[in-house]
Amino acid sequence: MTKPCILCCAITGSVPTKAANPAVPTSISEQIESSHAAVEAGASIIHAHVRNDDESPSSDPEKFALLKEGLEKHCPGVIIQFSTGGRSGSGLERGGMLPLKPDMASLSVGSNNFPTRVYENSPDLIAWLSSEMIKYEITPEIEAFDLSHILHAIRMSEAGLLYGKLYVQFVMGVKNAMPADREVFDFYAKVMRERAPHAEWCAAGIGPNQITVNEWAIAAGGHTRAGLEDNVRLDKHTLAPSNAALIARAADLCEKYERPVATPAQARTILDLRAA
């Protein structure tokens with residue numbers, strides 16, 4: 001395959017703390033530094049959450065604004081993707097940073113179980129978040145935790161309810177949601193190829209599933225995500241030293257399967273995003 005592979009780096013998330021791995025970047029300055037190293041390792045998308053000083057999750061637009069400014073300065077051209085996830089806030093505050101007009105934002109189009117809670121995404125909230133993304137010309141990255149989420153995203157795209165090119169990410173390995181199952185993965189990829197042939201898709205594996213799902217996605221012609229949000233270890237006994245180390249592993253797999261790692265400019269072209 002010669003199609004470039006887009007590597008997304010999920011740098012922080014809402015759950016991992018420095019107690020789990022001191023390399024987790026929680027301050028804005030740490031996030032910018034960690035993102036710069038990840039971009040140098042091959043990342044073309046930075047998937048970003050923000051934290052409070054006590055490491056608790058936040059959806060403060062001012063923090064997102066500072067992060068965006070720093071990424072634009074120190075990682076020129078990188079695709080900035082903000083999270084609208086439910087762990088960082090509730091209701092409309094989940095989209096409070098969208099007026100900042102990042103290139104992309106995550107969007108969950110259905111509910112499912114997480115390890116200790118229901119990850120609730122009501123139809124009204126989904127409609128509002130997607131309309132805000134249309135308003136501010138932000139391409140969503142659909143975070144699909146279930147087959148129904150993929151099918152609903154395809155319907156929404158066909159109905160003109162999503163801005164830009166459809167981009168679906170399979171999230172596999174969250175406890176009580178979809179496990180990292182090869183047959184399921186292959187079916188998801190088949191659904192995307194047959195029902196949304198002009199779309200792009202990627203896959204993320206949680207915890208020890210990260211490297212496995214990275215390899216499945218790269219080998220199958222999709223894109224993939226790595227980073228400390230999803231996985232704080234290189235293996236059972238070794239903490240990941242950085243986000244860059246996890247992106248470098250994925251880049252090595254691209255070399256194994258003879259796929260070039262997409263530059264930020266190439267990723268923008270593949271995803272039909274505006275120029276930096």
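Nothing here was measured: the structure is a model prediction, and the numbers come from that model. Computed over heavy atoms, backbone and side chain alike; hydrogens, waters and symmetry mates excluded. Note that the numbering runs from 1 along the sequence shown for the chain.
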Participant: Could you give all pairs that pass the salt bridge (Lys or Arg N to Asp or Glu O under 4.0 Å) test and reach residues 185-213, with sequence neighbours left out?
Facilitator: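 Every salt bridge (Lys or Arg N to Asp or Glu O under 4.0 Å) pair that includes a residue of residues 185-213, provided the two are not neighbours, is K3-E200, K165-E200, R182-D186, K190-E194.
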
Participant: Please answer whether the main-chain N or O of A217 pairs with a side-chain N or O of T224 as donor and acceptor at a distance below 3.5 Å.
Facilitator: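 Not a single qualifying donor-acceptor pair exists.
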
Participant: Between K63 and L66, is a side-chain contact (heavy atoms from CB on, under 4.5 Å) present by the stated rule, with each step listed?
Facilitator: CA-CA 5 Å; K63 294 181 183 294; L66 290 171; 5.7 Å; no

Participant: Taking it one step at a time, do C254 and I218 satisfy side-chain contact (heavy atoms from CB on, under 4.5 Å)?
Facilitator: CA-CA 6 Å; C254 290; I218 292 165; 3.9 Å; yes

Participant: May I ask you to check whether over 12 heavy atoms, not counting those of K18, lie within 6.0 Å of atom NZ?
Facilitator: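 Yes, NZ of K18 has more than 12 neighbouring heavy atoms, counting only those of other groups under 6.0 Å.
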
Participant: Within the side chain of E30, is there an N or O that forms a donor-acceptor pair under 3.5 Å with the backbone of S27?
Facilitator: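 Checking the backbone N and O of S27 against the side chain of E30, a donor-acceptor pair under 3.5 Å is found.
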
Participant: Apply side-chain contact (heavy atoms from CB on, under 4.5 Å) to F82 and S106, showing your working.
Facilitator: CA-CA 6 Å; F82 286 164; S106 63; over 6 Å; no

Participant: Using modelled atom types only, decide if a donor and an acceptor are shared between the side chain of R249 and the backbone of L234 within a distance under 3.5 Å.
Facilitator: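 Checked: pair present.
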
Participant: Just by modelled atom types, is the L228 backbone N or O under 3.5 Å from a matching donor or acceptor in the N243 side chain?
Facilitator: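 The answer is yes, because a donor-acceptor pair under 3.5 Å joins these two groups.
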
Participant: Would you say Q31 and T12 are linked by a side-chain donor-acceptor pair, where the criterion is simply a distance under 3.5 Å?
Facilitator: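 Yes, a side-chain donor-acceptor pair sits under 3.5 Å.
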
Participant: For E33, I'd like to know if atom CD has over 12 heavy atoms of other residues, nucleotides or ligands within 6.0 Å.
Facilitator: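 No.
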
Participant: With a 4.5 Å limit on heavy-atom distance, are the side chains of I45 and V78 in contact?
Facilitator: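 The answer is no; the side chains never approach within 4.5 Å.
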
Participant: Report yes if some heavy atom in the side chain of I28 is under 4.5 Å from a heavy atom in the side chain of R51; otherwise report no.
Facilitator: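 Answer no - side chains too far apart.
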
Participant: Quick one: CD1 on I32 to CD on E69, what's the gap to the nearest 0.5 Å?
Facilitator: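 So the gap between those two atoms works out to 8.0 Å.
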
Participant: Does a side chain donor of either T238 or D235 reach within less than 3.5 Å of an acceptor in the other side chain?
Facilitator: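 A pair is found: one side chain offers a donor N or O, the other an acceptor, under 3.5 Å apart.
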
Participant: Look at R225 together with E229 and state whether they make a salt bridge at an N to O cut-off of under 4.0 Å.
Facilitator: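 Salt bridge present between R225 and E229.
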
Participant: With side-chain contact (heavy atoms from CB on, under 4.5 Å) as the criterion, how do H149 and E143 come out once you've worked through the C-alpha distance, each side chain's angles and the decisive distance to 0.1 Å?
Facilitator: CA-CA 8 Å; H149 301 173; E143 293 195 337; over 6 Å; no

Participant: Count the heavy atoms belonging to other residues, nucleotides or ligands that lie under 6.0 Å from CD of E93, then report whether that count exceeds 12.
Facilitator: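 Yes - once you tally the heavy atoms of other residues, nucleotides and ligands closer than 6.0 Å, there are more than 12.
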
Participant: Going by atom types alone, do D54 and S56 pair a side-chain donor with an acceptor below 3.5 Å?
Facilitator: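 Yes.
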
Participant: Distance only, no hydrogens: is a donor on one side chain within 3.5 Å (strictly under) of an acceptor on the other, for S111 and N121?
Facilitator: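 The criterion, which ignores hydrogens and geometry beyond distance, is not satisfied for N121 and S111.
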
Participant: Flag the pair E137 / K101 as yes when at least one side-chain heavy-atom distance between them is below 4.5 Å, and no otherwise.
Facilitator: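 They are not in side-chain contact.
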
Participant: Should we say atom CD of E255 is surrounded by more than 12 heavy atoms from elsewhere, each under 6.0 Å from it?
Facilitator: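 For E255, atom CD is not crowded (no more than 12 foreign heavy atoms under 6.0 Å).
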
Participant: Is the shortest side-chain heavy-atom distance between I142 and I150 below 4.5 Å?
Facilitator: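 In short, these two side chains do not touch, never coming nearer than 4.5 Å.
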
Participant: Where do N112 and A177 come nearest, in terms of heavy atoms and distance?
Facilitator: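 It is ND2-CB, 3.8 Å.
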
Participant: Could you tell me whether Y136 and Y163 have their ring centroids closer than 6.0 angstrom?
Facilitator: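 Not under 6.0 Å, so no.
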
Participant: Would you compute the distance between atom OG1 of T139 and atom CG of L162 and round it to the nearest 0.5 angstrom?
Facilitator: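 CG of L162 is found 9.5 Å from OG1 of T139.
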
Participant: Taking the side chain as C-beta and beyond, is there a heavy-atom pair between L166 and V168 under 4.5 Å?
Facilitator: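 Touching, per the 4.5 Å side-chain cut-off.
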
Participant: A side-chain contact here means heavy atoms from C-beta on lying under 4.5 Å apart; do L147 and M178 qualify?
Facilitator: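 Heavy-atom side-chain distance check fails, nothing below 4.5 Å.
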
Participant: Cut-off 3.5 Å, side chains only: do S148 and D146 have a donor facing an acceptor?
Facilitator: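 Distance-only check passes for S148 and D146.
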
Participant: So, do P260 and Q266 sit near enough that their side-chain heavy atoms are less than 4.5 Å apart?
Facilitator: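 With C-beta onward as the side chain, the pair stays apart.
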
Participant: Do the ring centers of W201 and F170 come within less than 6.0 Å of each other?
Facilitator: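 Ring centroids of W201 and F170 are less than 6.0 Å from each other.
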
Participant: So S130 and L107, do their side chains get closer than 4.5 Å, heavy atoms only?
Facilitator: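 Counting from C-beta outward, L107 and S130 do come under 4.5 Å.
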
